[in-house]
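Since the structure comes first, as structure tokens, the remarks are kept for the end.
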There are 2 protein chains.
Amino acid sequence: MESEAIIWQSEWKRLKKKLHREKYKLTPQREATLQVLIENEKSHLSAEEVYLRVKEKAPDTGLATVYRTLDLLSELDILDKINFGDGVARYEIRQEGAKHFHHHLICLDCGEVNEIQEDLLMDVEEKVSTKYHFLIKDHRLIFHGICDSCQKQQK
Amino acid sequence: MESEAIIWQSEWKRLKKKLHREKYKLTPQREATLQVLIENEKSHLSAEEVYLRVKEKAPDTGLATVYRTLDLLSELDILDKINFGDGVARYEIRQEGAKHFHHHLICLDCGEVNEIQEDLLMDVEEKVSTKYHFLIKDHRLIFHGICDSCQKQQK
DNA sequence: CTGATTGCAAATATTTTGCAGGGCC
DNA sequence: GGCCCTGCAAAATATTTGCAATCAG
């Protein structure tokens with residue numbers, strides 16, 4: 001789809017600019033890592049998985065560098081580092097626009113992770129920050145349960 | 001406080017019964033682990049931290065056993081295993097009554113973890129399960145931000 | 001008694017760090 | 001040249017597993 005290519009390009013430019021602005025170099029390894037993350041926007045890749053895909057594009061890349069890059073990109077808020085509780089950190093490109101939150105539905109049956117894109121927590125955040133005087137910067141909301149298709153299969 | 005002792009005792013009995021019902025043996029190691037978890041209900045201990053406290057009560061306990069016990073107790077829904085994203089699993093006694101949820105406020109400054117006890121997500125869960133046909137079993141909600149006292153210090 | 005449970009040590013898994021070398025400005 | 005960045009190997013951290021010995025029921 002052409003429009004996807006365009007979106008992809010503008011996303012790409014935005015991120016390159018951001019790196020540049022922060023005085024970090026755009027090395028082939030970082031480029032490959034960013035590409036992988038953009039291409040797998042919905043996949044919640046682990047560091048190891050990112051590494052394997054990066055190696056396809058830039059075979060000499062070391063695992064340590066991938067870790068360092070993922071760290072760096074998280075620092076810059078280009079990535080979100082998430083932890084679903086399985087002991088592996090996962091990474092995904094942060095959506096543009098600070099308040100564009102999304103949440104995760106994890107199926108206890110098939111293990112699939114789905115995203116939902118609404119910000120459901122406006123009211124809740126309001127309540128929490130007033131009541132507990134807590135200045136909210138970010139939130140993580142994960143639902144564990146049974147996904148639609150697994151429910152159907154169980155019948 | 002006398003009432004605390006009574007609460008503690010009834011909690012203790014309930015858990016012993018649960019283990020027995022499921023045909024698991026109540027070994028000194030498991031007893032010590034449970035005690036530690038009850039005594040530190042609010043502390044979000046890591047496996048290592050549980051281990052250190054268990055050793056005070058039962059010095060010959062091995063770390064592997066603590067891991068195995070924590071796993072077992074999580075299986076039985078006696079504990080919740082939580083992951084705040086720092087690479088360490090943490091454990092806490094599950095409150096009696098399935099729907100007594102609580103959430104966590106993590107301060108990005110001092111690292112303190114506070115709990116809030118309301119169930120804020122009734123409406124949100126309603127929305128999600130209808131809209132995505134997702135059968136919710138549990139949820140995790142974590143807020144990252146700046147706690148009250150750190151906000152004051154920054155002024 | 002007998003299988004469940006344990007401690008210990010070794011194995012895994014994940015992530016971080018030290019360091020010497022390479023490349024960009 | 002100076003410094004950022006890299007790969008590699010080793011270290012650090014967190015957790016799991018194999019196995020012979022032990023213990024709870």
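Only this structure's heavy atoms are used, side chains among them; waters, hydrogens and symmetry mates stay out. Naming convention: chains lettered A, B, ... in sequence-line order (proteins, then strands); numbering from 1 in each chain.
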*May I ask you to decide whether Lys131(A) forms a salt bridge with Glu126(A), counting only side-chain N to carboxylate O separations under 4.0 Å?*
no

*To the nearest Å, give me how far apart CD (Glu31(B)) and C1' (dT6(C)) are.*
16 Å

*In whole angstroms, how far is the P atom of dC4(D) from the CG atom of Leu19(A)?*
15 Å

*Separation of dG21(C) C1' from Gln29(A) CD (nearest whole Å)*: 14 Å

*Going by the side chain to side chain contact (heavy atoms under 4.5 Å, CB included) test, name the single residue among Leu141(A), Val113(A), Asn114(A), Ile116(A) that passes it with His104(A).*
Val113(A)

*asked:* Can you build the contact string for nucleotides 13-25 of chain D? Use B for base contact, S for sugar-phosphate-only contact, and - for no protein heavy atom under 4.0 Å.
replied: -SBBBB-----BS

*Whole angstrom is fine here: how far is it from CG in Asp60(A) over to P in dG7(D)?*
7 Å

*Can you tell me if the side-chain N/O atoms of Arg30(B) get under 4.0 Å from OP1 or OP2 in dA4(C)?*
no

*asked:* Would you say the ring centers of Phe84(B) and His44(B) fall short of 6.0 Å from each other?
replied: yes

*Hey, does the side chain of Thr65(A) reach the backbone of Thr61(A) with a donor-acceptor pair shorter than 3.5 angstrom?*
no

*Under the salt bridge (Lys or Arg N to Asp or Glu O under 4.0 Å) rule, what do Asp109(B) and Lys137(A) come out as? Steps first, then yes or no, please.*
CA-CA 12 Å; Asp109(B) 230 42; Lys137(A) 298 282 189 183; over 6 Å; no

*How long is the span from the OH atom in Tyr91(B) to the CD1 atom in Ile82(B), to the nearest 0.5 Å?*
10.5 Å

*Whole-Å distance between dT16(C) P and Glu75(A) CD?*
11 Å

